[in-house]
Every structure is written in C-alpha cells, then in structure tokens.
2 protein chains.
Amino acid sequence: MDLAPPRVTIQDVARAAGVSGSSVSNYMNRHFERLGEEARLRIKEAIAELNFRPNRVARQLKTGRTDAIALIVPSVVNPYSGELVLAIEQEASRAGYGVHMCNTMRSSAIETDFLDRLADIGVRRLITISPMNSTCGVYYAAREDVSIVAIDASRDDFKLPGLRTVNLDHRAAMDMAVGHLHDLGHDRIAYVTDSLITHSRVDRMKGFELAVERYGIRASDIVMVENRERVVDIADLHMVDAGRRAAIDVAALSLRPTAVVAFNDMIAHGLMAGFRAVGIAVPSDISLIGVDDIWMNEAASPGLTSIRHPVAEMAKATIGHLSPSMDEPADKVLLPSLVVRQTTTQPTSSSTSRDAQGK
Amino acid sequence: MDLAPPRVTIQDVARAAGVSGSSVSNYMNRHFERLGEEARLRIKEAIAELNFRPNRVARQLKTGRTDAIALIVPSVVNPYSGELVLAIEQEASRAGYGVHMCNTMRSSAIETDFLDRLADIGVRRLITISPMNSTCGVYYAAREDVSIVAIDASRDDFKLPGLRTVNLDHRAAMDMAVGHLHDLGHDRIAYVTDSLITHSRVDRMKGFELAVERYGIRASDIVMVENRERVVDIADLHMVDAGRRAAIDVAALSLRPTAVVAFNDMIAHGLMAGFRAVGIAVPSDISLIGVDDIWMNEAASPGLTSIRHPVAEMAKATIGHLSPSMDEPADKVLLPSLVVRQTTTQPTSSSTSRDAQGK
DNA sequence: TTGTAGGCGTTATCAT
DNA sequence: ATGATAACGCCTACAA
C-alpha cells in the first residue's frame with residue numbers, strides 16, 4: 001500500500017504487453033475483432049499482472065458520457081421509496097453502475113439543478129420514483145440517447161415515447177387483499193384512499209371495486225380523505241394524518257364495515273391510530289390491511305397485514321430496463337404477494353352485530 | 001434547448017472576453033490576484049453571457065481529484081440513519097458537493113469495493129455513519145489529504161489522528177429523558193439496551209445511571225438483551241425483537257418500574273409490542289421513552305415520546321468538518337431535545353400499586 | 001498582468 | 001491486425 005499509489009495507465013499495460021495503447025484500448029472495449037489471438041492473451045496477462053483499472057474520468061472526458069445512473073426520488077426517508085432506493089442502489093452496483101441520487105422533496109427547482117449537473121457530466125440513464133410532477137421528462141425529452149425509467153407512474157403521465165415503466169399490478173394487489181378478507185369471512189369491506197391524484201391511486205381503487213364485485217361482497221364503501229400539507233414531511237406522514245381522519249368517517253358509516261383496505265400502509269397505520277382513539281379495536285372489532293409492506297408493519301403492534309410491493313424485483317426490472325432490449329415490453333407490471341400479520345382475523349360477533357359496539 | 005447542446009468551453013469564454021484561457025481559469029479558481037480589474041469584469045460578463053459552466057470531468061482528470069463526498073452507511077432504510085443521509089445529502093448539495101452513497105449492509109467487502117472505485121476517481125472526503133466495523137479508516141489511513149468524518153462513533157474506534165467526529169451528547173440525552181419522567185412523578189425507572197457493543201450504547205447507559213442518581217430516583221434497573229441476527233434486516237428490526245423480549249424481562253422485575261427508558265426508539269417500539277402482548281398498557285400502566293425520534297414515532301399509536309437526535313444540525317456539523325478549520329474542535333457533540341407524545345404520563349395508582357397489576 | 005504550451009488517460013481516426 | 005496521432009476541457013508552469 002503506497003502512500004500515493006502511482007496510477008497504472010493504458011500505456012503501462014501496452015509496454016508490458018509489447019503492443020500499442022490502441023490495442024489495449026480495443027481490448028478494454030471488447031473490440032476483439034481488431035486483435036490477434038496472441039496479442040489478446042498478452043494484454044490480458046499484462047492487465048492482471050499490473051492490476052490495471054481504466055480511468056473512468058479520462059474515458060468520460062473523451063467520450064462525453066458516463067454509465068452512471070441518476071436516481072430521482074422525493075425523499076429516501078419515504079417509507080416505501082426508501083426500500084426501493086436501497087434495492088436499486090444494490091442492483092445498480094451489482095451491474096457496475098454508480099448511482100447519483102437526488103431527493104427532490106417535490107421541488108422541481110432542486111430536480112432541475114440536479115439534472116443540469118448530471119447532464120454536464122454525461123449521464124444518460126434516468127430512474128424516477130413516484131414522479132407525480134417530475135420534470136425530468138421535459139428536461140431530457142430532446143435527447144435521443146437517454147434512457148428513462150419511471151417507477152410507480154403511468155406512461156400517460158409523460159409525453160415521452162421512449163419512456164419505460166415499472167409498476168405494481170394494482171388490480172392483482174386488490175384482488176389479493178379482498179380475497180384474503182373474503183376468505184376470512186368478511187363481507188362488509190371499506191376502502192380508504194386519499195385524493196386520486198396519481199395513476200396508482202386510481203387504478204388501485206378500481207381494482208378494489210372489481211375485486212369486491214368478483215368475490216360477491218355484500219357491501220362496500222369508499223372513503224376518500226383529501227391531503228393536507230404538513231409543514232415538513234419527509235416520510236409521508238400526511239398519509240397517517242389522512243388515515244386518522246378517515247377512521248372517524250369509517251366509524252360513522254351507517255353500516256360499519258368489518259374490514260378496511262387502505263390505499264397503502266401509511267394510511268393503514270393512521271387508521272389504526274384513529275380507531276384506537278375512538279375505541280375500536282384492531283383486529284377484534286375491525287380488520288385492516290394495507291399495501292407496500294413497509295418495515296414499520298413489522299415493528300408496529302399489532303403487526304399490519306399488507307400486500308407486499310416486490311421491491312427487489314422492481315429494482316431488477318428497472319436496471320434491466322435501462323439497457324433496452326426491443327423485444328421486451330416497455331411497461332413492466334409486477335405481481336404482489338400477501339403478508340399476513342395480526343390486523344386481519346375472522347370477523348367476530350362483536351364486529352358483526354353493530355349494536356354491541358355502541359354508537 | 002438544442003438537441004445536442006454544444007459545450008461552452010473555457011476557450012469560448014476567453015475569446016468572448018478577449019483574454020486567454022489561463023485568465024479565465026484563474027478567474028474560475030478565484031486567483032484574482034493574477035487578474036486585472038478590467039479583465040476580471042469582462043470575464044465575468046462573458047461567463048454570464050455564454051452561461052459557461054466548467055467541465056468538472058476535465059478538471060478532475062487534470063487535478064486527479066474531485067470534491068465529491070463518499071457517504072458510507074449500513075443501510076439508508078435504517079430508521080435513524082436514513083434521516084441523517086437525507087440531511088447530509090441536502091446539506092452537501094447546498095454546499096455544492098455531490099454525494100456517492102454506499103449501503104454496506106455491514107459487509108466490509110462491499111465497503112472496500114466502493115472505496116476502491118472512489119479512490120480511483122479521487123474522492124478525498126469521507127463520511128461514515130454508525131461505523132461499528134467500518135474499514136474506511138484502514139483503507140485511507142495512509143493518505144494525507146483525505147478528510148474523514150465519523151458520525152455516531154467514538155474516535156477511539158479508529159486509529160486515525162486526523163479523524164473528526166460528530167456525536168449526540170448521550171449524557172444530556174439521558175438527563176433529559178430521566179428528568180422528564182422524574183418531573184412526571186416517576187421514581188422507579190428501568191433502562192433497556194441491547195449489548196454494549198458501541199460507544200453510544202456504553203455512554204448512553206452511563207448517562208442513564210448518572211441521571212438517575214442526579215434526580216434521586218429511588219429504584220432503577222438495567223435490562224440488557226442480546227442481539228440475535230435476522231435473516232435480512234435493512235431496518236434494524238432486530239432491535240424491535242430485542243425490545244419485545246425485554247418487555248417480558250421488565251414485566252418480571254420484582255418491583256415493576258413505572259417507566260422505561262429505551263436505548264433507542266426501535267427498542268422502544270419493540271417494548272410497546274411486548275407490553276401489549278402481556279397485557280401491560282402504555283402509558284397507563286407504564287411510561288415509555290426512546291431516543292432518536294424516528295418518523296415512526298409519529299406514525300405509531302400511541303405516539304412514542306422520544307429524545308430527538310438533531311439530524312439537521314449533525315449534517316451541518318459534518319459537512320462543516322469536511323473542510324477542517326484548525327481552531328475548531330475535532331469532536332463535535334450536539335444537544336438533543338425532548339419530544340413529548342403519548343407514551344409518557346404521570347404514574348397512575350394502577351402502576352404504582354403493583355398488586356393491582358396482578359402477577 | 002497576461003499568454004503559450006504541455007499533459008492528465010482515454011478513445012477514435014487514419015495510416016500501415 | 002496493429003500503431004501513431006490528435007483530440008476531450010482544463011490546469012499550471014513558465015515565458016513574455
């Protein structure tokens with residue numbers, strides 16, 4: 001371990017192998033057609049011998065581009081997207097890509113600054129998570145050689161023909177949730193969501209309606225709460241607030257449901273808090289299921305039953321999408337799975353006969 | 001917005017300003033002593049006119065270094081360090097630095113690979129969070145011009161004289177927690193921690209002991225649970241497990257405490273789950289306070305009272321430490337604050353007279 | 001105070 | 001199949 005490790009350059013390798021720098025360069029870039037059998041071998045040995053590692057910076061200066069990935073996310077602390085960011089970072093580094101992450105905090109100024117910087121250094125791979133109002137599409141729209149993958153967004157949200165997307169199969173998710181409750185014996189189920197401002201919210205609710213019909217659920221309700229901004233909200237805590245408020249609405253329903261499906265887990269946790277506040281016990285009085293399967297579900301008590309967002313698979317699909325192969329679909333839809341914890345049980349007599357519950 | 005935006009180089013600026021490239025370079029590097037009044041002005045205008053932005057890659061190739069920051073963290077999903085990562089990223093980009101993040105998952109192989117890559121591109125600023133067994137010290141130890149800041153670690157954990165640290169004032173934190181409980185009227189308080197494998201665990205417990213003494217608390221207990229590995233644990237869920245197990249121990253204490261201080265919030269949430277499982281109500285039977293103030297505290301119910309880790313200030317101190325000013329202390333210690341939620345109340349008769357509690 | 005020239009390590013073009 | 005050579009955009013002696 002030297003104090004100032006002297007760089008091994010392509011020329012050093014060339015000298016050691018008795019070939020020219022260009023040949024080593026060709027070797028590094030896998031242009032084997034332009035190399036003789038013997039030269040290839042000697043270069044290979046010299047590289048191993050000297051432990052040569054090409055200087056990415058020099059290459060970047062020369063080519064004007066880098067294989068690094070720009071990752072745009074509202075906030076890493078966000079319970080769902082945080083796990084996704086981790087998975088993407090791991091998948092990317094497995095594929096040899098560096099990742100530049102930007103927490104936009106939903107500020108398009110921050111996002112634009114970030115993209116300006118990255119455009120400067122030649123980044124051509126973009127991943128955007130939950131991009132309700134991401135500007136990256138507009139920004140990079142003109143450039144031909146840029147790959148953009150949007151996670152948790154509909155392609156209609158952008159006007160980019162080249163865009164690729166990765167999404168959860170929301171219909172399947174709702175089918176799973178309602179099916180699980182139906183299996184337990186529930187037939188009065190409510191759905192709680194906040195404003196339908198994104199594709200996933202719309203589609204997931206639609207999925208609930210379809211599922212309810214499919215399982216022949218007797219009665220169902222949709223409770224919609226509107227968003228109220230928080231002063232600072234790096235973790236989607238406004239959804240917890242929304243859930244808390246929704247709990248009151250659910251409790252006030254003329255025919256109180258025995259189970260509730262929440263748009264996502266944060267709303268579900270809010271519901272749990274709200275129900276507790278008004279004396280409704282989960283799950284003995286009412287069952288509860290969310291979507292995403294954030295880690296908090298496991299840490300909370302009772303543990304929240306949820307429909308798991310397949311984070312690792314989404315990351316894999318995303319990185320795969322970055323190097324487009326034309327025979328693959330531009331929109332990948334992944335299947336969720338059910339994680340049963342403690343908030344879903346069979347409806348009890350107390351929850352079925354609402355008189356026992358009091359007003 | 002052109003399709004292939006032609007780069008504005010230092011030469012373009014020089015031409016526009018009627019000076020040479022070196023002068024522009026000197027301007028960019030703030031070597032104003034080497035510039036005439038008039039030249040400086042014309043360069044400034046030309047830069048604004050052409051919207052010139054220096055090519056970081058070229059500079060990097062030439063100088064062999066970059067001002068980007070390497071950020072090493074076990075996992076961004078980790079409830080405490082996730083918030084810290086966000087704060088650091090924001091503070092860094094405010095200061096104009098890019099951030100390369102590495103989720104080591106506590107694998108030194110991953111960390112070493114990452115540092116190798118970054119050493120290649122000339123990164124000389126390192127931040128490491130909760131580095132129980134971080135190798136970065138060893139790795140970069142030899143290099144003179146590298147700044148390393150360790151957050152949530154004692155300088156004794158490394159053998160690097162040049163290291164700078166940022167830490168919470170654990171003693172003050174415990175003083176605050178115990179003081180709060182004492183103010184409420186508690187005088188039988190237990191402390192729950194997992195194995196004392198880090199500086200913060202040792203120091204925080206010491207702080208508890210000092211505080212208990214200082215407030216003249218009649219009786220206190222230390223409950224220590226050992227770590228058990230989880231198959232996969234990106235979010236410190238093993239601490240929740242530890243808390244769950246500890247709850248049983250606390251319940252079995254011969255003189256059951258009326259309040260518990262947990263080493264951190266994840267353990268506290270585990271305690272909450274454990275208490276609920278054995279029929280002990282929080283806070284009416286027992287009060288509970290944690291440390292860190294992770295977002296989950298707000299989302300859980302009841303909301304967990306906690307000692308807040310001043311994340312934004314820590315980020316600021318960390319970035320400040322990166323450009324060492326010799327008159328500042330090498331070890332910064334920041335003060336926490338108390339966030340009262342629902343898990344701490346006055347001890348009730350039911351919790352005070354233990355007979356009412358059953359066995 | 002300002003300009004000129006050389007080179008950082010790589011890729012790409014054009015010879016051979 | 002292989003090699004010389006010229007950039008990429010910037011910094012930095014050193015010269016003027």
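Below, chains carry the letters A, B, ... as their sequence lines are ordered, and counting in each starts from 1. Quick caveat: nothing in here was measured; it's all calculated off a predicted structure. Below, all heavy atoms of this structure are taken into account, side chains as well, without hydrogens, waters or symmetry copies.
- One side chain, B:T165 or B:D331, offers a donor N or O that lies under 3.5 Å from an acceptor on the other.
- Taking a 6.0 Å sphere around CD of A:E328, one finds it holds more than 12 heavy atoms contributed by other residues, nucleotides or ligands.
- Rotation axes derived from the C1' atoms of the five outermost pairs at either end of the helix from C:dT1-D:dA16 to C:dT16-D:dA1 lie 40° apart, to the nearest 10°.
- Here the options are A:R56, A:R125, A:R124, the test is salt bridge (charged side-chain N to carboxylate O under 4.0 Å, His left out), and the partner is A:D67; only A:R56 passes.
- With a 6.0 Å radius and a threshold of 12 heavy atoms from other residues, nucleotides or ligands, A:E33 has its CD atom above the threshold.
- Taking every heavy atom of residues 36-45 of chain A and every atom of DNA chain D, pairs under 4.0 Å involve A:G36, A:A39, by number.
- Every pair tested for salt bridge (charged side-chain N to carboxylate O under 4.0 Å, His left out) that includes a residue from residues 17-31 of chain A fails, sequence neighbours excluded, so the list is empty.
- A distance-only check finds a donor-acceptor pair linking the side chain of B:N78 to the backbone of B:Y80 [under 3.5 Å].
- In summary, contact between chain B and DNA chain C, defined as any nucleotide atom under 4.0 Å from a heavy atom of the protein, begins and ends at C:dT1 to C:dG9 in the 5' to 3' direction.
- Within the structure, ring-ring contact (aromatic ring centres under 6.0 Å, His included) contacts touching residues 7-51 of chain A (residues at least two apart or in different chains) are A:Y27-A:F32.
- Backbone-only contact: A:E33 has heavy atoms under 4.0 Å from sugar-phosphate atoms and none from a base.
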request  = Please lay out, stage by stage, how B:D12 and B:R7 fare under the test salt bridge (Lys or Arg N to Asp or Glu O under 4.0 Å).
outcome  = CA-CA 9 Å; B:D12 298 328; B:R7 251 202 174 292; over 6 Å; no
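- A:V57 comes within contact range of no nucleotide atom at all, as no heavy-atom separation falls under 4.0 Å.
- Taken from CD1 in A:I148 to CG in A:L163, the straight-line distance is 6.5 Å, to the nearest 0.5 Å.
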task = Could you please spell out the steps behind the salt bridge (Lys or Arg N to Asp or Glu O under 4.0 Å) verdict for A:E91 and A:R94?
result = CA-CA 5 Å; A:E91 196 62 33; A:R94 199 167 298 141; 2.9 Å; yes
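- Residues A:V73 and A:S130 fail the side-chain proximity criterion, which asks for heavy atoms closer than 4.5 Å.
- Between the side chain of B:R42 and the main chain of B:A17, a donor-acceptor pair closer than 3.5 Å is present.
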request  = At under 4.0 Å between heavy atoms, which parts of nucleotides 4-16 of chain D does protein reach? Answer with one letter per nucleotide, 5' to 3': B base, S sugar-phosphate only, - none.
outcome  = B--BBBBBB----
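- Judged purely by atom type and a 3.5 angstrom limit, B:N26 uses its side chain to pair as donor or acceptor with the backbone of B:S22.
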